[in-house]
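Heads up, the thing below is written out as structure tokens.
Below, all heavy atoms of this structure are taken into account, side chains as well, without hydrogens, waters or symmetry copies. Reminder, nothing fancy here: chain letters follow the sequence lines and each chain counts from 1.
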Protein chains: 2
Amino acid sequence: MTGKEKVRWDSTRKIIDAAEQIFSKKGFEGATTREIADKAGLPKANIHYYFPTKEDLYVQVLKDILAEWINDAEIFDSSDDPEIAFRAYVSRKIQHSFTRPFASKVWAMEVIGGGTVFDVHLKSSLLEWNTKKCRQINKWIEQGKLRKVNAQYLLYAIWAMTQHYADFEYQTRIINNGQSLGIEQSDEIVENIVQLVLRGVII
Amino acid sequence: MTGKEKVRWDSTRKIIDAAEQIFSKKGFEGATTREIADKAGLPKANIHYYFPTKEDLYVQVLKDILAEWINDAEIFDSSDDPEIAFRAYVSRKIQHSFTRPFASKVWAMEVIGGGTVFDVHLKSSLLEWNTKKCRQINKWIEQGKLRKVNAQYLLYAIWAMTQHYADFEYQTRIINNGQSLGIEQSDEIVENIVQLVLRGVII
DNA sequence: GTCTATAACCGGATAGAC
DNA sequence: GTCTATCCGGTTATAGAC
């Protein structure tokens, strides 16, 4: 990487990291490029130099998140034993909930708001991610390793339970007397979700 | 109710309904009083007549939602049989997910964004709601009706799975080939969540 | 590539006639 | 209680010097 390329890469990275945090607090419309620039430690004009419009930056953030989740889904193929695979997946998802909470929140807000900037690429990536995992679950059912559950609803359940700890962190914090749940609780949380899933599907 | 009171009540209702929809799409910062006024069929100045600031209106919307959810929780006391109580609660929650999706989304966005307008009243109502249900679950555990599960994590799981169908409706729609899940699927969805919960906790 | 200055516009809120 | 007109501050985006 030449010097110029490095500068470009560094600035881009700084901007995306800042954008993730601001978008996760205010959503697309509520976030301002000014706030993002301040958080990134750059003048506002630089944001527009690297990302012509606010929407370009926002879409980039969404694509980054989805790419990470699709990557997480790979672990589903790590074992032919559904118990091991579910545990590995839930564990990785919860880890991400605590280590990269902003990305998850941006995605959640975008979906809740009705997916106004979702383009064809994002939709097809999401479908691919979903299809892949449904197929694996259905294979296990055919092999007699799982009860005949609805794979789609099971995925929604796992998704919802794991995302909850990233997206609704503020709510869990209020309920937990102002104290954040963190990495220390993650084993406990993973075990709890995994138990619910396994009792529900293992024969 | 006198004529004037009726006008006041009608306008207030119209404004809150419109606000729920706009806030659920754009969040607090992203929503504009102009859009809310248009949706309510009133001039913008009228919004400010009934609700001096945008924040006043927003807080009112949040309080309405929480009041409804606290009301939903009452059904938890409807039976001493946890199976019946869980089923009734999940069922009511899913019904609300389909019949009043906007309210749920406003709440979700507010929490995801970090609860910037959460005041003491909202926090204590939320805690009350939570405590009430934890207590009931723990009573069932003491009575030997349920496994020794962590009541708090169980509530998060139920909350997350039921809310998912309201808040992430757009995502489920993409995955379902552009077709909305609706009331027709609600029995199936309720049964799915209830089965997961019951297998997880019933001895 | 960086940054200051500014254009062009839009937001919440209010004044004041009806 | 309703509505038009308007103020003022803040927003995205760009022009142009360095």
Side-chain angles (χ1 to χ4, degrees), chain A residues 1-62 106 109-110 113-114 116-117 119, chain B residues 1-62 106 109-110 113-114 116-117 119:
Chain A
M1 191 154 36
T2 69
K4 267 195 180 176
E5 277 168 345
K6 184 173 159 32
V7 166
R8 170 170 281 276
W9 197 88
D10 282 354
S11 293
T12 305
R13 200 62 253 161
K14 265 191 279 189
I15 292 168
I16 291 180
D17 284 350
E20 248 179 45
Q21 293 185 49
I22 305 301
F23 283 135
S24 83
K25 283 210 178 69
K26 312 277 185 81
F28 174 66
E29 287 90 355
T32 67
T33 52
R34 173 81 210 282
E35 266 183 303
I36 293 170
D38 287 353
K39 175 77 76 181
L42 293 167
K44 190 156 66 84
N46 293 29
I47 307 293
H48 284 96
Y49 174 72
Y50 288 103
F51 298 91
T53 69
K54 184 177 154 182
E55 186 171 317
D56 290 333
L57 173 53
Y58 185 66
V59 168
Q60 188 56 53
V61 170
L62 289 178
V106 177
M109 276 202 185
E110 171 63 16
T116 44
V117 307
D119 64 4
Chain B
M1 189 152 39
T2 68
K4 267 197 179 172
E5 277 168 346
K6 185 173 158 33
V7 166
R8 170 169 281 276
W9 197 90
D10 282 354
S11 292
T12 306
R13 201 61 253 161
K14 265 191 279 188
I15 293 167
I16 291 180
D17 284 349
E20 248 179 46
Q21 294 185 50
I22 305 300
F23 284 135
S24 83
K25 282 209 178 68
K26 311 277 185 81
F28 174 66
E29 287 90 354
T32 68
T33 52
R34 172 80 209 281
E35 266 183 303
I36 294 170
D38 286 352
K39 175 78 76 179
L42 294 167
K44 188 156 67 87
N46 292 30
I47 307 294
H48 284 96
Y49 174 73
Y50 287 103
F51 298 91
T53 68
K54 183 177 153 182
E55 186 172 317
D56 290 334
L57 173 54
Y58 185 66
V59 169
Q60 187 56 54
V61 170
L62 289 177
V106 177
M109 275 202 185
E110 172 62 16
T116 44
V117 307
D119 64 3

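For A/Thr53, the side chain to side chain contact (heavy atoms under 4.5 Å, CB included) partners are A/Glu55, A/Asp56, not counting sequence neighbours. Scored by the side chain to side chain contact (heavy atoms under 4.5 Å, CB included) test, B/Gln21 finds B/Lys39, B/Phe102 as partners (sequence neighbours excluded). Partners of B/Tyr58 under the ring pair (Phe, Tyr, Trp, His ring centres under 6.0 Å) rule, at least two apart in sequence or in another chain, are B/Phe23, B/Phe28.
Nearest to the side chain of A/Ser11, among D/dC3, D/dT11, C/dT2, sits C/dT2. The side chain of B/Val7 has D/dT2 as its nearest neighbour among D/dA13, C/dC3, D/dT2.
Interatomic distance, A/Thr33 OG1 to A/Phe51 CZ, rounded to the nearest 0.5 Å: 13.0 Å. The structure places CD1 of A/Ile15 at 7.0 Å from CG of A/Asn46, a figure rounded to the nearest 0.5 Å. Here B/Leu42 contributes atom CG and B/Ile47 contributes atom CD1; the two are 5.5 Å apart, rounded to the nearest 0.5 Å. Taking CG of A/Asp17 as the start and CD1 of A/Ile22 as the end, the distance is 11.5 Å to the nearest 0.5 Å.
Per the geometry, CZ belonging to A/Arg34 stands 14 Å off P belonging to C/dC3, to the nearest Å. What separates NZ of B/Lys44 from P of D/dA5 is a distance of 13 Å, to the nearest Å. Spacing between atom CD1 of A/Ile15 and atom P of C/dC3 amounts to 11 Å, rounded to whole angstrom units. Atoms OH (B/Tyr58) and C1' (C/dG11) sit 17 Å apart, rounded to a whole Å.
In terms of heavy-atom proximity, A/Val117 sits nearest to A/Glu110 at N-OE2, 3.0 Å. Summarising the geometry of A/Val106 relative to A/Glu20, their closest heavy-atom pair is CG2-O, 3.4 Å, with the distance given to 0.1 Å.
Within residues 16-31 of chain B, the residues approached by DNA chain C to less than 4.0 Å at the level of any non-hydrogen atom are B/Ala31, in residue-number order. At a non-hydrogen distance threshold of 4.0 Å, A/Asn46, A/Tyr49, A/Tyr50 from residues 46-55 of chain A come into contact with DNA chain C.
Side-chain N or O atoms of A/Lys54 include one that pairs as donor or acceptor with a backbone N or O of A/Ala31 at under 3.5 Å.
The closest side-chain heavy-atom distance from B/Glu35 to B/Lys26 is below 4.5 Å.
At the phosphate of C/dG1, OP1 or OP2 sits under 4.0 Å from a side-chain N or O atom of A/Arg8.
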Please write out each protein N/O paired with an N/O of nucleotides 16-18 of chain D under 3.5 Å, distance rounded to 0.1 Å.
none

